[in-house]
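Below, all heavy atoms of this structure are taken into account, side chains as well, without hydrogens, waters or symmetry copies. Below, chains carry the letters A, B, ... as their sequence lines are ordered, and counting in each starts from 1.
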Number of protein chains: 14
Amino acid sequence: MDSFSIIAVASIITAGLTIAIGSVGPALGEGRAVSQALSAIAQQPDASSTITRTLFVGLAMIESVAIYCFVVSMILIFANPFWEFAKTAAGN
Amino acid sequence: MDSFSIIAVASIITAGLTIAIGSVGPALGEGRAVSQALSAIAQQPDASSTITRTLFVGLAMIESVAIYCFVVSMILIFANPFWEFAKTAAGN
Amino acid sequence: MDSFSIIAVASIITAGLTIAIGSVGPALGEGRAVSQALSAIAQQPDASSTITRTLFVGLAMIESVAIYCFVVSMILIFANPFWEFAKTAAGN
Amino acid sequence: MDSFSIIAVASIITAGLTIAIGSVGPALGEGRAVSQALSAIAQQPDASSTITRTLFVGLAMIESVAIYCFVVSMILIFANPFWEFAKTAAGN
Amino acid sequence: MDSFSIIAVASIITAGLTIAIGSVGPALGEGRAVSQALSAIAQQPDASSTITRTLFVGLAMIESVAIYCFVVSMILIFANPFWEFAKTAAGN
Amino acid sequence: MDSFSIIAVASIITAGLTIAIGSVGPALGEGRAVSQALSAIAQQPDASSTITRTLFVGLAMIESVAIYCFVVSMILIFANPFWEFAKTAAGN
Amino acid sequence: MDSFSIIAVASIITAGLTIAIGSVGPALGEGRAVSQALSAIAQQPDASSTITRTLFVGLAMIESVAIYCFVVSMILIFANPFWEFAKTAAGN
Amino acid sequence: MDSFSIIAVASIITAGLTIAIGSVGPALGEGRAVSQALSAIAQQPDASSTITRTLFVGLAMIESVAIYCFVVSMILIFANPFWEFAKTAAGN
Amino acid sequence: MDSFSIIAVASIITAGLTIAIGSVGPALGEGRAVSQALSAIAQQPDASSTITRTLFVGLAMIESVAIYCFVVSMILIFANPFWEFAKTAAGN
Amino acid sequence: MDSFSIIAVASIITAGLTIAIGSVGPALGEGRAVSQALSAIAQQPDASSTITRTLFVGLAMIESVAIYCFVVSMILIFANPFWEFAKTAAGN
Amino acid sequence: MDSFSIIAVASIITAGLTIAIGSVGPALGEGRAVSQALSAIAQQPDASSTITRTLFVGLAMIESVAIYCFVVSMILIFANPFWEFAKTAAGN
Amino acid sequence: MDSFSIIAVASIITAGLTIAIGSVGPALGEGRAVSQALSAIAQQPDASSTITRTLFVGLAMIESVAIYCFVVSMILIFANPFWEFAKTAAGN
Amino acid sequence: MDSFSIIAVASIITAGLTIAIGSVGPALGEGRAVSQALSAIAQQPDASSTITRTLFVGLAMIESVAIYCFVVSMILIFANPFWEFAKTAAGN
Amino acid sequence: MDSFSIIAVASIITAGLTIAIGSVGPALGEGRAVSQALSAIAQQPDASSTITRTLFVGLAMIESVAIYCFVVSMILIFANPFWEFAKTAAGN
């Protein structure tokens, strides 16, 4: 059962680190975008609807990168093909 | 019981590090967004309702990244499929 | 008792590092938010009530990230399911 | 089955780290581009259509780098030639 | 007595590192907040009471993060459940 | 089959890290170029066609660096001469 | 006497590193606060009493973080419960 | 065949890391040059032909550094004298 | 005499690193404070007595952090309780 | 043949890392020089011939540093005296 | 004589690293203080005597931190109590 | 022949790293000097001969540091006294 | 002769690293001081004698830190008490 | 001959790293000094002789730090007392 548990350990550690490291960039990037949006609204209140719309599109783009990480993390925990194979192999 | 405890150790360490590392980015990003919101309100008090609304949407987006990390951390502690499997296997 | 103590060691180290690393981001983020709030009040004293209100909401959001870390740290010390299981297993 | 599981472990860890590390650069880059776009709109609202168009082309370029990482990560999990070969070899 | 001393060593090292690493963020954050408060008072002496009040609330919020670390550090030294358990187990 | 699997592992890890590390620089560089382009358009809308043209040439140059990394990563996964040789050697 | 000396070594190393790492943040934070105080006095000499008072409160808050580290360091050297226990155990 | 595969592994890892690390500098340098070119065109549209010409010469110089890395990386994969020698030695 | 010398080695290394790492923060903090004091005097020569007084109080606070490190370093070399105990134990 | 292959491995790894690490500095330095040249031309188009001439001399100086690295890298791959000696020794 | 030489090695390495690491902070801090002093003299030549006096007091404070490191380094080389003890023990 | 090849390996790795690490500083320093020279020429075209002369002397000084590294690197490859001695010793 | 050579190795490595690491801080600090001196002279040529005098005193202070490192480095090579003792011990 | 070659290896590696690491600081410091000198000349061409003279004295001071490293590096290669001793000892 050794090769079995080493796959489990690798999946656990990788799933956690993937979303942990992957959250740093998007969070900082979104923080920058939001903070600049607020500054832009303060400077030009009349353009706030354009600014808000552009901000949301941008946030969606940045969030998508975080979601890639979350998807990989979830795949590694709940739909890990290597783990499925190892379980099947162990079941034989 | 060796493979059993190594999965536990990996889950514990990963759960902690995931939320620990994952908190750095969102906290800094939110700090930046909030600080800029305050600066924007000071500069343009009349737009404070628009600013506050945009800030809250932005904070929610950034917080969502931290919550991804928290969710993965909680899954690893309380609903860890690898651990469940190992417990079941050990119970046999 | 070997697998028993390695879970304890992992829990101790992770509990400490989680709150230690997890405190860096929120503390810096809050410091930035607070410092900008003071600057904003100095610039626009009339808006100080709006600024203070927004600041407190923001601080609560940032603090929540630190509290996630603290919660995980406390769970690992006082309500660790892996440790409970190991103690039960050792009691058999 | 040892060489079998070491390939699985390497694939899992690499798939996670690839998208995790690969998300930092694009997220920061997009955050910078979006934040500057908002600033530019605030400064010159009349040019907002040109700015938005240029922003979207730029974001697509930057996102493409993140997608390279995501593609490599997915290939390593679901279409890994080394793993296929090892499974075939193990099947013999 | 081996598993006994390894828990002690882990507790000692973690207790020290927790407060050591955990002091960096709050100290820098408070330094920033205080320095900006002084700058704000110099700029707007009339608002010094509002500034000081807001500063103290902010410092309390930041200090709370350092105190989380200190609490975990003290728990690990003086009220460590793993150590208590190990002492009890060793006493049997 | 040991030397066989170690080449596979090295290829997997290197392929992932190559595109992961190689994405940081281009993404940041493109983010900077795009953000400055938007700022330039806002400052001088009349020159937007020259700016856009120069931006696209520049982005192509920067993207080429990311593509070098992607090419090396793909070669290592799908056209790895060392792996081909090892498979042939193993087939004998 | 092996488990005995490893606790001593861990205590020595941790005691030193705790105060060493723990001094970086407070020293930089205090340096920032003091330097801004001087700048504020130069800008608004009339408010120097308010500035000085706020500075001292702030320095006390920051110093408290350094003192947490110093206290933990002293506890580890002179009132280390793990060491006391080990000495008692060794005395038996 | 051991010394054979270790040369293959070293070549694979080095080829990937060479272009990965080697892409960071050129990408950032080109990003800076392009972004400043756009800023310069916006500031002085009349000099755009001189600026563009100088930019392309500069980009070529910077790209040459990335190409050195790519050349070394390709040599290590497809024209590696150490590998050729090892294959010949193994063929004997 | 093995456990004897390992305590000596740990004390030597820790004593050196404690003061070495512990000197970075205070030196930079004092440098900042002094440099700002000089700037403040140049800006407002009339307030130089207040500035100098505040500077000295501040330097004393920062220096105190360095002195904590120096004290711990000296204790580890000349009044190390673990070493005394080990010498006594070895003397028996 | 062991000492033979270890020299090959060291040469491969060093050749790659030399040019990889050695490309970071020159690429950033050239990027800075080029970007400032463009800014200078925009500011003073009349001096563009002097600026361009000085830029090329400067780029040549900086490129020379990258070429040192490339030369060492090529020597290690194609004219490595240690490898020649080892081959000769192995040929005997 | 093994425990003898390991103490010597630890003393040598620590003595060197202590002054090496300990020189970074003071040198940078003094450089900052001196550079600001020169700037202050250029801005307010009439206050140069006050500036110079304050500078020298400040430099002395910063230098004292470097001297702590130098003292510890010299103690470890020439008046190392652990070494003296080991020599005495070896002499018996 | 073991001590023979380890000297060769150390020489190869050190020669590469020496020039690789040693190129970072000079390249960045020269990039800064050149970029400032261009800025200075743009600001004061009349002084361009003095600026160019000073620039070249400065570049020569900085380049000299890179040349120290290159010299050491070449000595280690082509005139390594330790290697000569080892070859002579091996020839006996 | 083993303990003999390990002391030699430690002395060699430490001597080199001490002056290498110890040169970073002073060189950067002096560079800053010199560059600011030049700026100050350009701003206030009349005060150039005071500036130069203060600069030289400051450079001497900073250089002294580098000289501490050089002295320790020379002591370790040419007047190393541990080495002398080991040679004497080996001579017996 | 083992202790013989390990001294050679340590000397080679240290000699290279000493000048490599030791070149970073001086090169950056000189780059800063030169770049500021050029800026100062552009700002005040009349003071160019004073500026140049001060620059050369400053560069000499900074270069001296690099030369310390070069001297240590040369001593380790060509006049290494530990190596001489080991050769003499081996000659006996």
Side-chain angles (χ1 to χ4, degrees), chain C residues 1-46 48-49 51-52 55-56 59-60 62-63 65-67 69-70 73-74 76-78 80 83 87 90, chain E residues 2-4 6-7 9-11 13-44 46-47 50-51 53-55 57-59 61-66 68-69 71-73 75-76 80-83 85-86 89:
Chain C
M1 209 175 92
D2 217 55
S3 87
F4 183 82
S5 64
I6 208 168
I7 291 183
V9 167
S11 301
I12 291 171
I13 293 179
T14 308
L17 285 189
T18 299
I19 187 65
I21 299 177
S23 74
V24 175
L28 292 179
E30 292 182 6
R32 183 168 196 166
V34 171
S35 87
Q36 194 64 41
L38 299 168
S39 169
I41 291 172
Q43 193 185 330
Q44 198 79 294
D46 299 340
S48 77
S49 72
I51 290 169
T52 312
L55 172 69
F56 288 168
L59 285 181
I62 303 174
E63 189 79 14
V65 180
I67 285 171
C69 292
F70 191 57
S73 182
M74 286 296 105
L76 289 179
I77 295 180
F78 293 116
N80 191 329
W83 170 256
K87 274 206 298 197
Chain E
D2 216 56
S3 87
F4 183 83
I6 209 168
I7 292 182
V9 167
S11 302
I13 293 179
T14 308
L17 285 189
T18 299
I19 187 65
I21 299 177
S23 75
V24 175
L28 292 179
E30 292 182 6
R32 182 168 196 166
V34 171
S35 87
Q36 194 64 42
L38 299 168
S39 169
I41 291 172
Q43 193 186 330
Q44 198 78 295
D46 300 340
T50 316
I51 290 169
R53 209 178 48 230
T54 310
L55 172 68
V57 174
L59 285 181
M61 288 297 279
I62 303 174
E63 190 79 13
S64 77
V65 180
Y68 294 165
C69 292
V71 163
V72 170
S73 183
I75 286 172
L76 289 179
N80 192 328
F82 305 103
W83 170 255
F85 190 90

Let me know if [X] has heavy atoms under 4.5 Å from chain C in its side chain, its backbone, both or neither.
X: E/Ser11; result: both
X: E/Ile19; result: neither
X: E/Val9; result: neither
X: E/Asn80; result: side chain

Testing the basics here: between [X] and [Y], what is the closest heavy-atom pair and its distance to 0.1 Å?
X: E/Ala47; Y: C/Ile41; value: CB-CG2, 4.5 Å
X: E/Gln36; Y: C/Ser35; value: CG-O, 2.8 Å
X: C/Val24; Y: E/Ile21; value: CG2-O, 4.2 Å
X: C/Glu63; Y: E/Ser64; value: OE2-OG, 2.9 Å
X: C/Leu76; Y: E/Phe82; value: O-CZ, 3.5 Å
X: E/Gly25; Y: C/Ala27; value: C-CB, 3.4 Å

- Note on the structure: Cut-off 4.5 Å, heavy atoms of chain E, and the answer for C/Ala8 is both
- Under 4.5 Å to a heavy atom of chain E? For C/Glu30 that would be both
- Message: Given E/Met61, which partner from the list C/Val34, C/Leu59, C/Leu55 fulfils the side chain to side chain contact (heavy atoms under 4.5 Å, CB included) test?
- Response: C/Leu59
- Query: With C/Ile12, which of E/Thr14, E/Thr18, E/Ile75, E/Val72 fulfils side chain to side chain contact (heavy atoms under 4.5 Å, CB included)?
  - Reply: E/Thr14
- Item | Close side-chain approach of E/Pro81 and C/Ile77, heavy atoms under 4.5 Å | yes
- Note on the structure: Across all chains, not counting sequence neighbours, the side-chain hydrogen bond (donor to acceptor under 3.5 Å, both in side chains) partners of C/Ser48 are none
- E/Gln44: what forms a side-chain hydrogen bond (donor to acceptor under 3.5 Å, both in side chains) with it, not counting sequence neighbours? none
- Message: Measuring from atom CG of E/Leu17 to atom CD1 of C/Ile13, what distance do you get when rounded to the nearest 0.5 angstrom?
- Response: 9.0 Å
- If you measure from CG on C/Leu28 to CD1 on E/Ile62, what distance do you get to the nearest 0.5 Å? 9.0 Å
